Amino acid sequence: MNEKYNFIEIEKKWQRKWEADGLFKTPDDTDREKYYILEMFPYPSGKLHMGHVRNYSIGDVASRYLRMKGYNVLHPMGWDAFGLPAENAAIKNGIHPDVWTKENMAEMRSQLKELGLNYDWDREVATCTPEYYKWTQWIFIQFFKHGLAYKKKNPVNFCPSCETVLANEQVVDGVCDRCGTPVGKKDLDQWYLKITDYAGKLLDDIEGLSDWPNKVKVMQQNWIGRSYGAEVQFKIEGSEKLLDIFTTRPDTLFGVTYMVLAPEHPLLSELVSGTEYEAKVEEFKDKLQYLSDIDRTSTTLEKDGLFIGRHAINPLNGALVPIYIANYVLMDYGTGAIMAVPAHDTRDFDFAKKYDIEIIPVIDPHNDEIDLENLSEAFVAEGTMINSGAFDGLSNKEGMKKITEFIEKEGFGKATTNYRLRDWLISRQRYWGTPIPMVYCENCGWQPVPEHELPVLLPTDVKFTGKGESPLTTSESFKETVCPICGEKATREIDTMDTFLDSSWYFLRYADPKNSQRIFDKEKVNYWMPVDQYIGGVEHAILHLLYARFFTKFLYDIGEAPTSEPFKRLLTQGMVLKDGKKMSKSVGNVVSPEEIISKYGADTARLFILFASPPEKELEWSDEGVEGSYRFITRVYRLAQRLYDVVVFTPDDAAMELVSEGDKVLNRALNLAVKKVGADIGERYNFNTAISAIMELVNAINKYRDDDGANAALLKRSVCTLITILSPFTPHVCEEIWAEYGHSTSILDEAWPSYDESALLLDTEEIAVQINGKLKAKLVVPSGVGADELVSLALSDEEVSGLVSGKEIVKKIGVPGRLVNFVVKG
RNA sequence: GCCGGAGUGGCGGAAUAGGCAGACGCACCGGACUUAAAAUCCGGCGGUUCGUGAGAACUGUACCGGUUCGACCCCGGUCUCCGGUACCA
C-alpha cells in the first residue's frame, strides 16, 4: 500500500472509475424491494455551499447503506433551474440566462462528483429544459381543465425591485422573500391555482405523515389554518342588502355592539354614496393605501376606524348596531366583514375603548377577580352564557352549537369552515420561467394551448431590461398566435410561472426522466413512488412541501400519480453556522466546500459535517473539528496499512476461534459497531453516533493489534468489517483500501455485514451497586444473571456487605445487566 | 401575543425503554519519541472539599417543586434562547 494517505490521488482515481463503470446507475428492477431516497435539488446559483454538502452527504450515506443492505435504491439529482438570479445576471452581464444557468449546472455537477456522491446522472432533470417544462405546462393545463386554474384581477403583492408579483407565501414580514425590498400592492390580472380546494385534504392528511418531524407538520397546519364557525347575515337598516360576516364565536352573538367592514369591502361605496360620510370614507381608504404591507400588518399599529353612518340589525335580538370600517379587518379572510364583540375579543375591546362603543358581556367566567360590568380587558375564555335571552345558562360551548342550529333553522346563517390558506398566485412578469401555456382570443376567451403543441417554447429573441412588464412582450415571434378554437388572431399569455411549480413534481419525473410521450410511465412511477426518504432544509417546510403535496394530490385525483402523498419520511437538516451565525458573504464567515476539499479531501469534508452534529440540528463549523476528522481518516489508513499482511495472507476461511479475553473484547466491539452503525444510519439517521461507534471500533482494533497471540482471522475480519461500515461515510479511502486488500469489485456492491447478538455478551459484566439510589460500588458478576441472583451476589460480596452492615434493608432492587439498589434505614 | 423546539464539562455532542451522567471528538495539560519542531504514540481532563499519597466525601444535566427504590428522561410551575406565525374575526 501507498505510504501516505494521498487523498487527491485516491479521490480522483475512484471518481473516474465509478463513473467509467457506471456504478451508480439505477435499474428499473421491479423484482427487488425499492428504496427512493431524495435530497432537495439545488438552484444552480454558481457553486455549492456547505448547506449543500451537508444535505447531500446525509443522503449519500443513507443511500449507500441501503444499497449495501440489498435494496434497489433510486438516488437521483437535478436542477431547480428557472429563477430570477439567471435573469438578473443577464441584465447585468449580458449573458443569456440559459447559458448562465447551464454553466452553473456544469460547475456544480462537477463539484457534486468531487464529493463522491452516488447519483445516477442518467436520470438528471433540469426544470428549464423544454423536455421538462413541457410537462409542467401539461400539468397546468390539467389544472385549468379541472377548474383549478383561473385568472382574476386583484390587488396583488408586487416587488418593485424584482418587478414581479409574489405569492402570499413569498412575502415575508412585508418584504420580498428573495431581495428584501418592501412589497407594494398592484391591481393586476393574474393566474391563480385553486389550492384552497385542497385545503381540507392538505390539512387532514398531515395526520398520516407519521415519519415527518412534528415541527413541520405543525407549521403546515398553522399555515393552512382551519377555523370552524358560522356565517351570519345581518340586515342593514334602510337597505335591501345583507351584511354577511364570519365568526368563530356564534355564542357571543348577543354581545355584538358594532360591525366592521374591511375598507376594500364591495358593499361600502353603495352604503355611503351620497351621504355626508362618503368623503371621509374615501379619505380613510386613501390613507390606508399609502401604508406599506409592513405597517399594515404590524401589531403595533394602532387600531383606526370610522363610523360610516349606517346601522345593522342583530338577527337574534333585533338590536341596532353601528357599522364601522377599520384597518384591522382584512378583505381576503372570511367575508371581509365582522361582528364585533368587545367584551370577548381583545381587538374589538381595544377598538371599542378608543371609540367609546358599548361593551356587553355575554359570557360569565365565574371569577370574582373579573368585574364583568367594568372589564379591564376582553374575557376570551370559557364560561356560562348571560344576557343572551333563551340561551342564558348554557355553557358557551353548548351555546355555540345551539345558536348555530338556531340561525340555520331561522335561515339567517349557517355553520362554515374557513381557511387561512389563500389561492396560489402563480403569474410572474419574468422571462426565465415556464411559459404559461394559455392563449387569449377576443371571441373564445382564455384557451389552453392544445396538448400536442406543447411545449410552448421560451422565445430567444428577448430583451432584458429589467423594466416594465414581462420580457416576453419584447419577442417578435412569441405573442401573436391563433385561437385553438376559432382560428382567429389571438395572443399568448406573456407571464411565466412561479418556479415553485417546476419543483412541485420533479420527484415524480425521476422515475421516468426521459419519457417524451407522457409525463411519466405509470408502471415506473407505481414502482418508485412514494419517495421513501426526503431530505432538505427546514426553510422549505411550508412553501415547497405544501405545493409538492398539493400537486401530488391533484395528480393522484386525475389518475396520474399512484400516491396522494409524495414523501413518506422527511428529514429537515439544520443550518451550517460559523461563529454562531449563518454563513453569508455579508458577514464574511463563509467557508467554501472547494477550500476544504482541496485541503483535506472530500472524505474529510463529509466525515466532519456528519460527525459534528445530528442532522436536524444546527451545525457549528469548526476548523479544529475538520482537522480531527482528517486525523481519524489517516489513523484508519495507517491501521489498514499495518494490517495489510494479516489481511492478504490470512485465508478467508481461516478458523476464528476466540480464545483470550482480548479476543472476546474485540469481537464484542466489532459486533457492537455493526449493530449500532446499522441502526444509526438506517433507523435513527444519527450519523454522528454512528461515526463515534466506528471510532470506538478503531480504538479497539488498535488496542488489540499488538497483543501477544493476536488472532489473525479475527483481526482480518475486524479491519475488513471496519472498512465496510465506514465506506458510506468516506467512500474514496475505503474503496482504495478495499482494492488494495485484493478485491476487484466495488465495496458498494458488498453486502452490509451482519452481527451476532450473542457476541455482545462477555463472560462477566460490571454491575453498579447503589445504596438509597446512590452509586457506592461496582461488582463484577457472570453475564446474564437474573435480578434475584444479582441481589444475593451483591449481598455476599465483601465490600457491599460492609456498606449495608448494621443497617436495615427495606427494599432490594435488581436490574439485570445494570445495577442493584438497596434501600436502607439507620 | 399564539404555536413549536431547545437548555448537559472550556467547546461540538452522547446517554435509543425511568437504571453507573459526560460515550466519541475538539481544545487543554503531562509524558514518550526527536538535536529541535511538526507529526505520531501513551496518560489525564465536570465542580468543590479533604488527603503527602493510592484515594475519599460531597455536589452536579437552566431554576423551583412533585412522582419514584431510582429522574437529563415523567408531572406542575418559572426563566432564557431559537424557529414559525402574527389584527385570520
Side-chain angles (χ1 to χ4, degrees), chain A residues 172-173 213-223 225-227 229 245-249 252 260 262 296-303 326-330 332-341 344-348 350-351 418-422 538-539 541-542 572 574-575 607-608 611-614 616-629 631-632 634-635 638 676 679-680 683-684 686 688-699 702 766-778 809-824:
Chain A
V172 178
D173 294 332
N214 191 45
K215 173 185 176 174
V216 174
K217 292 196 279 187
V218 169
M219 278 163 73
Q220 291 217 353
Q221 275 160 355
N222 292 342
W223 189 263
R226 176 157 53 200
S227 316
I245 60 98
F246 173 73
T247 179
T248 55
R249 294 293 305 272
T252 62
V260 188
R296 180 81 199 268
T297 54
S298 155
T299 34
T300 53
L301 182 69
E302 199 186 323
K303 292 190 175 38
N327 60 355
Y328 76 99
V329 173
L330 309 171
D332 55 0
Y333 183 78
T335 61
I338 62 155
M339 65 179 215
V341 186
H344 304 294
D345 181 283
T346 46
R347 295 152 301 178
D348 297 346
D350 292 346
F351 192 82
N418 245 302
Y419 292 93
R420 212 193 73 114
L421 186 71
R422 311 288 152 82
V538 71
E539 66 274 17
I542 297 171
T572 51
M575 279 195 308
L607 188 71
F608 167 72
F611 180 57
S613 185
E616 322 78 52
K617 273 192 79 167
E618 291 182 335
L619 182 148
E620 174 67 31
W621 187 265
S622 149
D623 292 333
E624 292 85 3
V626 178
E627 292 272 359
S629 291
R631 256 197 314 261
F632 173 72
T634 57
R635 206 174 292 144
R638 257 197 321 271
K676 183 151 173 62
D680 282 354
E683 291 151 37
R684 297 208 310 157
N686 271 14
N688 54 332
T689 51
I691 293 166
S692 49
I694 295 172
M695 288 172 168
E696 281 176 273
L697 176 58
V698 171
N699 293 344
N702 267 324
E766 201 184 48
I767 295 294
V769 180
Q770 298 183 340
I771 305 233
N772 290 340
K774 288 194 176 170
L775 181 68
K776 291 290 172 183
K778 300 235 170 151
I809 301 179
V810 185
K811 201 167 180 177
K812 304 163 187 166
I813 297 119
V815 182
R818 299 205 185 264
L819 54 73
V820 289
N821 186 16
F822 298 111
V823 185
V824 302

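We use all heavy atoms of the structure for the numbers below, so side chains are in, but hydrogens, waters and symmetry mates are not. Model, not experiment: these values are computed from the prediction. In what follows, every chain begins at residue 1, and chains take the letters A, B, ... in the order their sequences are listed.
For the P atoms, the distance linking B:G18 with B:C72 amounts to 13 Å, nearest Å. Comparing B:G65 with B:U59, their P atoms sit 15 Å apart, to the nearest whole Å. Here, B:U16 and B:C73 have their P atoms 13 Å apart, quoted to the whole Å. Distance check on atom P: B:G13 versus B:A62 gives 15 Å, rounded to whole Å. Separating the P atom of B:C82 from that of B:G12 is a span of 16 Å, rounded to the nearest Å. A distance of about 26 Å separates the C1' atoms of B:C81 and B:G25, rounded to the whole Å. Comparing the same atom, P, in B:G7 and in B:U61 gives a spacing of 13 Å after rounding to whole Å. On the P atoms, B:C41 is 15 Å away from B:C24, given to the nearest whole Å.
Taking atom CZ of residue A:R226 and atom P of nucleotide B:A89, one finds them 13 Å apart after rounding to whole Å. To the nearest angstrom, P of B:C87 lies 10 Å from NZ of A:K303. The CG atom of A:L775 sits 14 Å away from the C1' atom of B:G60 (whole-angstrom rounding). When the C1' atom of B:C82 is taken as reference, atom CD of A:E616 falls 15 Å away, rounded to whole Å. Taking atom OH of residue A:Y333 and atom C1' of nucleotide B:A86, one finds them 13 Å apart after rounding to whole Å. Counting to the nearest Å, the C1' atom of B:A89 and the OH atom of A:Y328 are 8 Å from each other. When rounded to the nearest whole Å, the span between CD1 of A:I691 and C1' of B:A23 equals 14 Å. Here B:A89 presents its P atom at 11 Å from CD1 of A:I338, a figure rounded to the nearest Å.
Across the interface with RNA chain B, nearest-nucleotide mapping of A:A693 and A:G817 shows A:G817 to be the residue nearer the 5′ end. Between A:E627 and A:V823, the residue anchored nearer the 5' end of RNA chain B, judged by the nucleotide with its closest heavy atom, is A:E627.
For the atom pair A:D345 CG and A:D350 CG, the distance stands at 9.0 Å (nearest 0.5 Å). The CG atom of A:N821 sits 11.5 Å away from the NZ atom of A:K776 when rounded to the nearest 0.5 Å. Here the CD1-OH distance, from A:I338 to A:Y333, works out to 12.0 Å after rounding to the nearest 0.5 Å.
Between the side chain of A:D680 and the main chain of A:A690, a donor-acceptor pair closer than 3.5 Å is present. At distances below 3.5 Å, at least one donor-acceptor pair connects side-chain atoms of A:D348 with backbone N or O atoms of A:V341. Using modelled atom types, no side-chain atom of A:T248 and backbone atom of A:G229 make a donor-acceptor pair closer than 3.5 Å. Side-chain atoms of A:R226 never come within 3.5 Å of backbone atoms of A:Y419 as a donor-acceptor pair (strictly under, hydrogens ignored).
Residue A:G334 is classed as having no contact, given no heavy-atom separation below 4.0 Å to the nucleic acid. Counting any heavy atom pair closer than 4.0 Å across all strands shown, A:Q221 reaches no nucleic acid atom. Within 4.0 Å (heavy atoms only), A:N699 reaches sugar-phosphate atoms of the nucleic acid but no base atom. Using a 4.0 Å heavy-atom cutoff across all strands shown, A:D348 reaches no nucleic acid atom at all.
Residue A:K811 places at least one side-chain N or O closer than 4.0 Å to OP1 or OP2 of B:C69. Dashed line: the shortest gap from a side-chain N or O of A:S227 to OP1 or OP2 of B:A89 is under 4.0 Å.
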With the criterion being N/O to N/O and under 3.5 Å, what pairs connect the protein with nucleotides 41-50 of chain B, and how long is each?
none

Under 3.5 Å, which protein N or O atoms sit close to an N or O of nucleotides 13-19 of chain B? Give each pair with its distance.
residue: B:G13; atom: O3'; partner: A:N688; partner atom: ND2; Å: 3.3
residue: B:A14; atom: OP1; partner: A:N688; partner atom: ND2; Å: 3.2
residue: B:A15; atom: OP1; partner: A:R684; partner atom: NH1; Å: 3.2
residue: B:A15; atom: OP1; partner: A:R684; partner atom: NH2; Å: 3.0
residue: B:U16; atom: O4'; partner: A:R684; partner atom: NH1; Å: 3.4
residue: B:U16; atom: O4; partner: A:K676; partner atom: NZ; Å: 2.3

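Picking from B:A89, B:C24, B:G84 the nucleotide with the shortest atom distance to the side chain of A:M695 gives B:C24. Here B:A27 is the nucleotide among B:A27, B:U85, B:A89 with the atom lying nearest to any side-chain atom of A:E624.
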**OP:** Apply the test side-chain contact (heavy atoms from CB on, under 4.5 Å) to residues A:E627 and A:F608: give CA-CA distance (whole Å), side-chain angles for both, the deciding distance (0.1 Å), then the verdict.
**Re:** CA-CA 9 Å; A:E627 292 272 359; A:F608 167 72; over 6 Å; no
**OP:** Applying side-chain contact (heavy atoms from CB on, under 4.5 Å), run through A:V824 and A:N772 and close with a yes or a no.
**Re:** CA-CA 7 Å; A:V824 302; A:N772 290 340; 3.8 Å; yes
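Between A:Q220 and A:K217, the closest side-chain pair of non-hydrogen atoms is not below 4.5 Å.
More than 12 heavy atoms of other residues, nucleotides or ligands shown are found within 6.0 angstrom of NZ on A:K676.
Side-chain atoms of A:K778 and base atoms of B:C20 include a donor and an acceptor less than 3.5 Å apart.
Using a cutoff of 4.0 Å between basic side-chain nitrogens and carboxylate oxygens, A:D332 and A:R422 are scored as salt-bridged.
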Original post:
Could you write out RNA chain B as a dot-bracket string, with dots for unpaired bases, | for bases paired across to another strand, and Watson-Crick or G-U pairs counted at under 3.5 Å?
Top reply: (((((((..(((......[....))).(((((.......))))).(((((....)))))..(((((..]....))))))))))))....
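Glycosidic torsion of B:G9 falls within 90° of 0, placing the base in syn.
Under 3.5 Å, the side chains of A:S227 and A:N418 contain no donor-acceptor pair of N or O atoms.
A cation-pi arrangement is present between A:K303 and A:Y328 under the rule of less than 6.0 angstrom and at most 45 degrees off the ring axis.
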